[in-house]
Amino acid sequence: MAKISIDLTSGTIEKEKSVIGIDLGTTNSLIASINPTDRSPYCLGTDDGSIVPSAIHFSASDILVGHEAIAKMVESPENSIYSVKRLMGKSYDDLEKHMSFFNYDIIDTGEEQLVKVKIDGKQFTPIELSSYVLKELKALAEKKLDQKVNKVVISVPAYFNDAQRQATRDAGKLAGLDVLRIINEPTAASLAYGIGLNQEEQKTVAVYDLGGGTFDVSILRIQNGIFEVLSTNGDTFLGGDDIDQAIVQHWINEKSINLNTSSDRQKLRLVAERVKKALSSEDSHEAQTELNGEKYIFTLNTAQLNSIAKPLIDKTIKCCKEALQDAEINSSEIDEVVLVGGSTRLRQVKKAVQEMFNTSTINDSLNPDEVVALGTAIEADILAGNRKDILLLDVTPLSLGIETLGGLMDVIIPRNSKIPNQVKRQYTTSIDGQVNMKVNVFQGERELVADNRSLGEFELKGIPAMPAGLPKIEVGFMLDADGILKVSATELRSGVHQEVALKPQYGLTDKEIEEMLLASLSNAEKDMEARSLIEAKTEAEQLIYGTEKFIKDNPDLLKEEHVNEIRGYLTKISQAIDAKNKDSIVQYSDELNAYTRSFAEKAMDKAIGSALKGKKV
Ligand code: ADP
Ligand code: MG
């Protein structure tokens, strides 16, 4: 059977193209593709391996990304940018507590505005900075695959909010990429292990992701190919970097060293990381380096590393317990655990996780650095239509709604709704002659909006003055495939097109909002197209099944020529299903229904007749 791909962004049928997945990490990023012969995912790498450090260095003449940027970090830390992911979609207020973490200059561009980074007198948005990393990955993939790459899937943490997801999408756009979908990292990691690829399978999975600077654990329920995030927990300032710092501190104490320059601090941190990594396969390791112009030899053994890492690992286990509590399940209900992130190579981490979830099914056979990237490539392959019968649907983890009279939460899209999703509801005014109406959008499960999370607000202006209760204001919620929400409001009675000014939480400009709105409109429509194909197909398959049964059950009603005619339609429908042609599926199904109607009526009469016969009057 010929394979036909549907391009979900344009809704068109296209020849098979290479599909790409990207893990845009806090510390490291990776890009993965699919092997066209067996559809297995693999990471595209350089001579240094598949990892591209998410680091950017600004030198006088150019911008370096990845390993080259890391190499420059020691000599000029102030022009080296790392952990940009932490800044995505964030305002200065959000970050204030953590400012000491960053060696570079983060500037406050005003209340509720997205932060910017100042390098050498120039300002950059986190979106721009991330786009440099994405551009590097794109170039790497194009070189390796020897073809243009532009359609991608990018992963983000499950706890990322709309602003952070939108920022990631924008970074992709800026890097010249067409972002087909933003996918949750734990979902991608599960896919890499094949979890959820079988539509019949029902599983509860814990994904434990300990990276360089962040830890998160997600409890997922997978059912009918739907990944539902039951809960997430974690610590955005906890990871392998903390172990490196603790090792540095251990050595400083041991040898009473004074580290005077940030360059020496960087140097020792890198030594600590190297030694730590070596200890996942050795019991003791030593390294030498020069600090303050003096030569030092540093050693560390497994027992020392274990006691250094213990407080950190204990914290992650506490988060796991909270995640289970929030998901309202206990550890025995976890069917599988997936390990993600470089730091899960620590032998002690594996042991602790195994004890915590008390399950034998710990998925750790894949390279933990690569798992997420591999899963994003599988998702991209599914979206490209290269894998038959799989349509990944996500659900929204929290209810979305607006504030109504008295500060009540009126849920418009309930939690666990499939996305993409679109709901419209009518409202009216509460005051005579009211010409403006405020629409306040919230996320959460509580009855009062004050207890929920505000997503943004806007005002519908220019409602014609009418008595209270007369205007018909339609509020539309549209949740696109990435989990990004767009809200609209229209006064229906006046029929006048209203201008809507949306003021989201993080100071996006009106133009950006307009673009977001338009982008989501087109995406949602096209995703719906793909969905309607699947719906038509499911209906047609039921029709085929029912018709076959009808032929079998009614040999006395149907002559051979009738059966042949019906079979002819069935073949046409099957061919249309194989060709993924929605219109033909619907057309031939209708034709078959029209042809069989008279037989169905006869069968019905017969059934009623025999039923009457049996009845005692
Ligand atoms: P992120 O998701 O934050 O981008 P990664 O998943 O790439 O991060 O993990 C990077 C972290 O993994 C670093 O702290 C690194 O030191 C750590 N790491 C990598 N290999 C090992 C190893 N063999 N043993 C212990 N830690 C490791
Ligand atoms: Mg990661």
Side-chain angles (χ1 to χ4, degrees), residues 21-32 43 45 48-56 66-67 70 82-88 101 130 133-134 137 154-160 168 183-190 192 207-218 232 234-248 266 268-283 285 287 300 302 304-306 308-309 312-313 316 338-353 364 366-376:
I22 293 176
D23 169 11
L24 184 61
T26 310
T27 323
N28 296 310
S29 296
L30 296 95
I31 187 160
C43 285
D48 298 317
S50 55
I51 280 175
V52 174
S54 312
I56 309 138
H67 292 285
I70 293 281
Y82 53 88
S83 286
V84 175
K85 191 172 176 178
R86 294 182 184 284
L87 309 178
M88 294 294 264
F101 173 87
S130 287
V133 177
L134 290 170
L137 294 167
I154 304 178
S155 58
V156 297
Y159 57 78
F160 256 30
T168 306
I183 178 181
N184 286 332
E185 287 163 12
T187 301
S190 303
V207 182
Y208 177 103
D209 182 348
L210 189 58
T214 60
F215 166 68
D216 54 271
V217 55
S218 306
T232 67
D235 188 332
T236 50
F237 285 87
L238 184 72
D241 297 346
D242 298 292
I243 300 179
D244 305 344
Q245 296 290 1
I247 295 171
V248 166
Q266 279 290 358
L268 192 54
R269 200 181 62 77
L270 294 175
V271 174
E273 185 180 11
R274 230 175 33 235
V275 171
K276 171 188 77 176
K277 287 183 181 173
L279 288 184
S280 55
S281 54
E282 297 166 34
D283 283 328
H285 196 82
L300 197 72
T302 313
Q304 287 168 322
L305 175 63
N306 285 352
I308 287 172
L312 173 133
I313 295 173
T316 68
V338 175
L339 291 186
V340 185
S343 300
T344 60
R345 284 208 187 79
L346 287 169
R347 288 178 270 180
Q348 208 189 344
V349 166
K350 276 188 199 174
K351 223 177 106 219
V353 173
D364 65 350
L366 296 171
N367 181 336
D369 305 321
E370 294 187 347
V371 180
V372 171
L374 296 174
T376 57

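Start at 1 and go down the list; that is how both ligands and their atoms are numbered.
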- Message: Can you confirm, on distance only, whether ligand 1 has an N/O atom lying under 3.5 Å from any N/O atom belonging to T214?
- Response: no
- Task: Write down the atom of G342, the atom of D369, and the distance for their closest heavy-atom approach.
- Result: CA-OD1, 3.2 Å
- Note on the structure: On a heavy-atom basis, the closest approach of F101 and Y82 is O-OH, 3.1 Å
- Task: Could you check K276 against L300 for side-chain contact (heavy atoms from CB on, under 4.5 Å), going step by step and ending with a plain yes or no?
- Result: CA-CA 8 Å; K276 171 188 77 176; L300 197 72; 5.7 Å; no
- Looking only at heavy atoms, which two atoms of L210 and L238 are closest? And how far apart? CD1-O, 4.2 Å
- Task: State the atoms of ligand 1, each with its element, that fall below the 4.0 Å cut-off from a heavy-atom position in T26.
- Result: 3 (O), 4 (O)
- Nearest neighbour of atom 17 (C) of ligand 1 from the list P368, S54, A272, S343, on a heavy-atom basis: S343
- So which bit of E273 gets within less than 4.0 Å of ligand 1, heavy atoms only: side chain, backbone, both or neither? side chain
- Close-contact set for ligand 1 against L346 heavy atoms, below 4.0 Å: 25 (C)
- Query: Are any side-chain N or O atoms of T26 and backbone N or O atoms of K85, one a donor and one an acceptor, separated by less than 3.5 Å?
  - Reply: no
- Message: Nearest non-hydrogen contact with atom 23 (N) of ligand 1 belongs to which option: G239, S280, A278, S281?
- Response: S280
- Message: Is a donor from one side chain sitting under 3.5 angstrom from an acceptor on the other, for Y208 and T316?
- Response: yes
- Task: Report, in ascending order of atom number, the atoms of ligand 1 lying under 4.0 Å from any heavy atom of T27.
- Result: 1 (P), 3 (O), 4 (O), 8 (O)
- Report yes or no: does T376 contribute a side-chain atom to a donor-acceptor pair with the main-chain N or O of I22 at less than 3.5 Å? yes
- Can you tell me the protein heavy atom closest to atom 5 (P) of ligand 1 and the distance? G342 N, 3.7 Å
- atom 8 (O) of ligand 1: of G212, G25, P53, the nearest heavy atom sits on G212
- Task: Please report which non-hydrogen protein atom sits nearest to atom 2 (O) of ligand 1, along with the residue it belongs to and the distance in Å to one decimal place.
- Result: G211 CA, 4.1 Å
- Judged by atom type as modelled, is there a donor-acceptor pair below 3.5 Å linking the side chain of R347 to the main-chain atoms of T302? no
- Task: Check each atom of ligand 1 against the heavy atoms of G240 and keep those under 4.0 Å away; list them by number with element.
- Result: 14 (O)
- Message: Give me the nearest non-hydrogen protein atom to atom 7 (O) of ligand 1 as residue plus atom name, then the distance to 0.1 Å.
- Response: N28 ND2, 2.8 Å
- Note on the structure: In this structure, atom 19 (C) of ligand 1 is nearest to the protein heavy atom K277 CE, 3.4 Å
- Message: Donor-acceptor check, side chain of S343 to backbone of G211, threshold 3.5 angstrom: yes or no?
- Response: yes
- Message: Closer than 4.0 Å to some heavy atom of G341 - which atoms of ligand 1 meet that?
- Response: 6 (O)
- If hydrogens are left out, which of K276, R274, R345 has an atom nearest to atom 22 (C) of ligand 1, that is, the closest non-hydrogen atom? R345
- Item | Check: N306 main-chain N/O paired with Q348 side-chain donor or acceptor under 3.5 Å | yes
